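All chains are named by letter (A, B, ...) in the order of the sequence lines, taking the proteins before the strands, and each is independently numbered beginning at 1. Note that the coordinates shown come from a computational prediction; the quantities given were computed from them, not determined experimentally. Only heavy atoms go into these numbers, but all of them, side chains included; no hydrogens, no water, no symmetry mates.
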Protein chains: 2
Amino acid sequence: MSKCEQCIVREFSSLKALNKDELLRMADCKTSYIIKKGESIFTEGENLNGVYCIKDGVCKMTKLSANGNEQIVKLIKKGELLGQRSMISEEPVNLSAVALEDMQVCFVPKSEIMGFFNTNNQFSLSMMRAVCGDLKQADDHLVDMAQKPVKQRLAETLVQLYKDFGTDTDNSLKIKLSREELAGMVGTATESCIRLLSDLNKQGLISLSGKKIAIPDVNKLSRFAVKG
Amino acid sequence: MSKCEQCIVREFSSLKALNKDELLRMADCKTSYIIKKGESIFTEGENLNGVYCIKDGVCKMTKLSANGNEQIVKLIKKGELLGQRSMISEEPVNLSAVALEDMQVCFVPKSEIMGFFNTNNQFSLSMMRAVCGDLKQADDHLVDMAQKPVKQRLAETLVQLYKDFGTDTDNSLKIKLSREELAGMVGTATESCIRLLSDLNKQGLISLSGKKIAIPDVNKLSRFAVKG
DNA sequence: TTGAATATATGATAAATATCATACTTTGGG
DNA sequence: CCCAAAGTATGATATTTATCATATATTCAA
C-alpha cells in the first residue's frame with residue numbers, strides 16, 4: 001500500500017490541504033486500480049460512494065445524448081479528482097468516465113472524505129473552490145456551444161488541448177484523440193469535424209500529418225477561435 | 001432593517017442552515033435594494049465581494065458572446081442566492097445579472113458569509129451542495145446545447161419555464177420573456193425562435209395567443225424535447 | 001388618442017451543418 | 001506479412017439554421 005504523501009494528486013487537487021495525519025488515514029483506506037485504455041471507470045447513472053484520484057493517464061467524461069451521440073464534456077488528467085460532484089450531491093454520477101490511455105487511479109471512500117470536511121475547513125473550502133472553478137468553466141463552455149459556429153468551436157478545442165496537454169517532440173498535440181472523439185468534444189458530426197480540420201489546415205492555422213495535429217501558432221489559432 | 005429569520009430566501013437556499021444568532025448577525029450587516037425591471041444587478045467582469053439574496057422577482061444571468069449575441073445561461077428567482085460562485089472563487093463574476101421584473105434583493109458581504117463557513121459546517125456543506133447542483137445542471141445543459149437541434153432545445157426551454165415558474169390564471173407561462181430573450185436562452189436567432197414557436201403551435205404542442213405561450217400537455221412537449 | 005418605436009411574424013434566400021456514399025489509409029491480430 | 005476492420009478523407013446532397021427584407025401587431029409616451 002503506497003503512501004499518499006508524495007502522490008501527484010496532492011499537487012494539483014484539494015488534497016493539498018490535507019495534513020500528514022489525514023493522508024495516513026487516507027492511504028489506509030484507499031484502493032488502487034489500473035484502468036486500461038478504453039475501459040470505463042464509471043458510467044452515467046451509477047452510484048459512486050467516493051472519489052477517484054487520478055495518479056496517471058487521461059480519461060474522457062461523456063454523456064450520451066438522446067440521439068445516441070456521445071458528447072465529451074471534458075477531459076480529466078493526472079493530478080485531478082473524479083466524482084466529487086456526485087459524492088457531495090449524494091446523487092448518481094451524471095457523466096461516464098472512460099480511459100483514453102492506460103490509467104492509475106485510487107478510490108477513496110466517501111466516509112473518509114466527508115470526515116475531512118468536518119475537521120479541516122481549509123480542505124472543504126479548497127474542494128468548494130474546485131467545484132466553483134468547474135462551474136465557471138461549464139457556463140463559459142455552454143455559451144461557446146450555443147453561440148459559436150462549429151469551426152470556431154473546433155479551433156477553441158484544439159487550443160485547449162494544446163494548453164492542457166502540450167505537444168510531443170514532433171510538435172504535435174500530445175493527447176491522442178480519434179476524429180470521432182474530437183467531434184464529440186466539439187459537438188458536431190465526425191465528417192464535419194474532419195472537413196473543418198482540413199479547412200484549418202488549408203488556412204495554415206494547424207498542420208496535419210496523418211492523424212497528428214500540430215499548431216504552429218497558438219495565439220493565431222486562439223484569435224480565430226474567438227473572432228472567426 | 002428587517003430580520004432575516006422569516007425571509008423566503010431561508011426556505012430555498014443554503015441559508016436554511018444558519019441558526020438564529022447567525023441570522024441576527026446577517027440582518028445587521030445586509031443592505032436591501034430595489035431593482036427595477038431591466039436594471040442590472042451586476043455585470044460580467046465586476047468584483048462582487050458578497051452575495052445577493054433574491055427576496056422577490058426574477059433575473060436573467062447572461063453572457064455576451066464574441067459575435068455580440070446575449071446568451072441567457074439561466075434564470076434566478078426569489079428564494080435563491082446570486083454570486084456565490086464568484087465569492088467563493090474570489091474571482092470577478094463571469095455572468096451578468098439583469099432584472100426581468102422588479103426585484104427586491106439583499107446584499108450580504110463576503111466577510112460575513114465566509115465567517116459562517118468556519119463556524120457552521122452544515123452551512124458550508126449546504127452551499128457546496130448548491131454549487132454542485134448548479135454544476136450538474138450546467139453540464140446537462142451543455143450536452144443539450146451541443147447535441148439537440150434548435151426546435152428541441154426550444155421545447156426543452158419551454159418545459160423548464162413551465163416547471164420553474166408555472167402558469168397564470170389564463171394557463172399561459174407566468175414568466176414574461178420577449179422572443180429575443182427566449183431565443184437567447186435557446187441559443188438561436190430571434191427569427192428562428194419565432195418560426196419554431198409557430199411550428200410548435202401548428203403541431204399542437206403549445207398554443208400561442210399574442211405573445212402568451214400556453215402548454216396544453218407538458219408531458220407531450222417534454223417527450224418532444226427529448227426525442228424530437 | 002395617436003403615431004413613432006419596438007416587437008412579432010413570415011417569406012425569400014444564403015450559409016452552415018448533417019447525412020449518405022464511397023474511396024483511401026492505417027492498424028492490429030492471425 | 002497480410003488482410004479485415006476501423007479510421008480518415010472527400011464528394012454529392014439534404015436538412016437545418018441564419019440572414020435579410022418586409023409586413024403586421026403592439027406598446028408607450030407625448
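In this structure, I206(A) atom CD1 and dT8(D) atom C1' are separated by 14 Å, rounded to whole Å. A straight line from CG of N201(A) to C1' of dA9(D) spans 12 Å, rounded to a whole angstrom. Computed from coordinates, the E180(A) CD to dA18(C) C1' distance equals 15 Å when rounded to whole Å. Remark: P of dT17(C) and CG of N69(A) are 16 Å apart, rounded to the nearest angstrom. For D199(A) and dT17(C), the CG to C1' distance is 12 Å, given to the nearest whole Å. Look at CG on L208(A): it is 15 Å from C1' on dT26(C), rounded to the nearest Å. Between L197(B) atom CG and dT17(D) atom P there is a gap of 14 Å when expressed in whole angstrom units. Rounded to an integer number of Å, the gap from L154(B) CG to dT17(D) P is 11 Å.
In terms of position on DNA chain C, the residue among I194(B) and T188(A) whose nearest nucleotide sits closer to the 5' end is I194(B). Where K211(A) and A146(A) meet DNA chain D, the nucleotide closest to each residue was compared, and K211(A) sits on the side nearer the 5' end. Each of G210(A) and E191(A) was assigned the nucleotide of DNA chain C with the nearest heavy atom; the assignment lying further toward the 5' end belongs to E191(A).
The residue T190(B) sits apart from the nucleic acid: no heavy atom pair falls under 4.0 Å. Here S192(A) lies in heavy-atom contact (under 4.0 Å) with a base.
The backbone N or O of K36(B) sits nowhere less than 3.5 Å from a side-chain atom of D102(B) that would complete a donor-acceptor pair.
Rounded to the nearest 0.5 Å, atoms CD1 (I72(B)) and CG (L95(B)) are 11.5 Å apart.
R195(A) contributes a side-chain N or O that forms a donor-acceptor pair with the base of dT19(C) under 3.5 Å.
Counting only heavy atoms from C-beta on, P149(A) has its side chain closest to dA16(C) among dA16(C), dT19(D), dT8(D).
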Next item on the list: Would you please test E191(A) and R179(A) for salt bridge (charged side-chain N to carboxylate O under 4.0 Å, His left out) and show each step?
Entry: CA-CA 8 Å; E191(A) 298 95 321; R179(A) 299 297 193 246; over 6 Å; no
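With a 4.5 Å cut-off on side-chain heavy atoms, K16(A) and E11(A) do not count as touching.
Look at D168(A) and K176(A) and you find a salt bridge, because one of the NZ, NE, NH1 or NH2 atoms lies within 4.0 Å of a carboxylate O, short of that distance.
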